[in-house]
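Only one structure is covered here, and it is reproduced in the block below.
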Protein chains: 2
Amino acid sequence: MIALDEIDRRLLGMLVQDAGQSAGALGRRVGLSQPATWRRLRRLREAGILRGQRLRLEPGKLGFGVTVFLGVKLSRKAGVSLEAFERAVSGIPEVQRVEHVLGLYDYRLRVIARDLADFERVLRRRIMTLPGIGDVEANVLLTEERFPGPL
Amino acid sequence: MIALDEIDRRLLGMLVQDAGQSAGALGRRVGLSQPATWRRLRRLREAGILRGQRLRLEPGKLGFGVTVFLGVKLSRKAGVSLEAFERAVSGIPEVQRVEHVLGLYDYRLRVIARDLADFERVLRRRIMTLPGIGDVEANVLLTEERFPGPL
DNA sequence: GGTGAAAACATAACCGC
DNA sequence: GCGGTTATGTTTTCACC
């Protein structure tokens, strides 16, 4: 793990608020030249701290109005491998995210669908037929907000 | 809502895999010139489909080794407004995401901490003291994977 | 760390289909 | 409307000090 100084932390904080700022704009605010700032960003990238940027899409504008979180328990933990479950679930296009967790559930899934009828189709034909699936609990997303977190 | 043709969908698919690709690089792969590709991206941005990009950080490399998902129920006895809860929870730096959901829980929180001892501190001093908080259920993240989804 | 320069990029204007 | 070409300012990226 690499050591971050004060300037690195300020750069990360500024980028969290708005990714896609140029090295020159960032450098002006921390008192560094453009190439020096850029070299710091490259160092953070090579250290694996900055992993690039993810697209922010608006699912509603693409016709996906429903987001559902599923908590799933596997029923036959001894018999079914986690790999088989993960491979099967990752083949469902409506599944956006698969989180392997420890606790009341074994997996948490984020699923999008065009509407509730479409979600029911996905649930019945794709989710409930997964190998080893047990109890399933669902929460429908109403609103969502993200925060930068402690840097 | 705007109509997307085949090329728009391919552009979105490529950007979902790696945002931050240049218009020139994208255009070469779909057989368009750089300005033509850029105009399509601008059109998608103006249509509200592309909402910019968010930084992808590696929390582990910044010393945050623990991610916990909390499902929280609000206690019904107190007449606590959702706004008051949301305002209070959004002031906790360890809370990365707040999802207002419909189902077994009222809110889902994504919380990061340096380790489990640090998480316990956050849970006892910040989470359990939130206004109107009721039952809390926790799942510790083991592994996580994202998928492009249906585009 | 800074300076300077080359290549790539974003962005706009103009033209043809 | 669509895309292509050209032109300009900016950003990235890589020399060298």
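Lettering of chains follows the sequences in order, A, B, ..., and the numbering in each one begins at 1. In this text the structure is predicted, and so the values were computed from the model without any measurement.
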Point to revise | ring pair (Phe, Tyr, Trp, His ring centres under 6.0 Å) involving A/Phe85 - partner list, sequence neighbours excluded | key: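 Partners of A/Phe85 by the ring pair (Phe, Tyr, Trp, His ring centres under 6.0 Å) criterion, ordered by chain and then number, come out as A/Tyr107.
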[atom1]/[X] to [atom2]/[Y] distance, rounded to the nearest 0.5 angstrom?
{"X": "A/Arg110", "Y": "B/Glu144", "atom1": "CZ", "atom2": "CD", "value": "10.5 Å"}
{"X": "B/Asp106", "Y": "B/Leu74", "atom1": "CG", "atom2": "CG", "value": "4.5 Å"}
{"X": "B/Arg54", "Y": "A/Leu55", "atom1": "CZ", "atom2": "CG", "value": "10.0 Å"}

Can you sort out the partners of [X] under side-chain contact (heavy atoms from CB on, under 4.5 Å), two or more places apart, ordered by chain and number?
{"X": "B/Glu46", "result": "B/Arg42"}
{"X": "B/Ser90", "result": "A/Phe147"}
{"X": "B/Ser22", "result": "B/Ala25"}
{"X": "A/Gln17", "result": "none"}

Review point. Could you give the start and end, 5' to 3', of the contact zone on DNA chain C for chain A, using atoms under 4.0 Å from its heavy atoms?
Key: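 Here the contact window of chain A covers C/dG1 to C/dG4.
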Review point. Can you list, by residue number, the residues of residues 32-40 of chain B that have a non-hydrogen atom closer than 4.0 angstrom to DNA chain C?
Key: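 Residues of residues 32-40 of chain B that come under 4.0 Å of DNA chain C are, in numerical order, B/Gln34, B/Pro35, B/Trp38, B/Arg39.
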Practice item. Mind jotting down which residue pairs meet the ring-ring contact (aromatic ring centres under 6.0 Å, His included) criterion with at least one end in residues 23-73 of chain B? Sequence neighbours excluded, please. Key: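 Listed once each, the pairs would be none.
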Exercise for review: Whenever both distances are under 3.5 Å in a Watson-Crick or G-U wobble pair, mark it; put DNA chain D into dot-bracket that way, with [ ] for crossing pairs and | when the partner is on another strand.
Suggested key: |||||||||||.|||||
Review point. Counting only heavy atoms not in B/Arg29, do more than 12 fall under 6.0 Å of its CZ?
Key: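 No.
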**Study point:** Those residues that, when tested against A/Arg10, pass side-chain hydrogen bond (donor to acceptor under 3.5 Å, both in side chains) (two or more places apart)
**Key:**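 Partners of A/Arg10 under the side-chain hydrogen bond (donor to acceptor under 3.5 Å, both in side chains) test: none.
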Practice item. Would you jot down, in residue-number order, the residues of residues 10-26 of chain B having a non-hydrogen atom under 4.0 Å from DNA chain D? Key: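 Nothing qualifies; none.
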Which pairs would a plain distance check flag for residues 115-128 of chain B, meaning a side-chain donor or acceptor within less than 3.5 Å of a matching protein atom at least two apart in sequence or in another chain?
from	atom 1	to	atom 2	distance (Å)
B/Asp115	OD1	B/Ala117	N	3.1
B/Asp115	OD1	B/Asp118	N	2.7
B/Asp118	OD1	B/Arg121	NH1	2.3
B/Asp118	OD2	B/Arg114	N	2.8
B/Glu120	OE2	B/Arg124	NH1	2.8
B/Arg121	NH2	B/Glu94	OE2	3.1

Practice item. May I ask you to say what B/Arg28 touches in the nucleic acid, namely base, sugar-phosphate or nothing, with a heavy-atom cut-off under 4.0 Å? Key: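 The answer is sugar-phosphate, as B/Arg28 gets under 4.0 Å only of primed atoms, P, OP1 or OP2.
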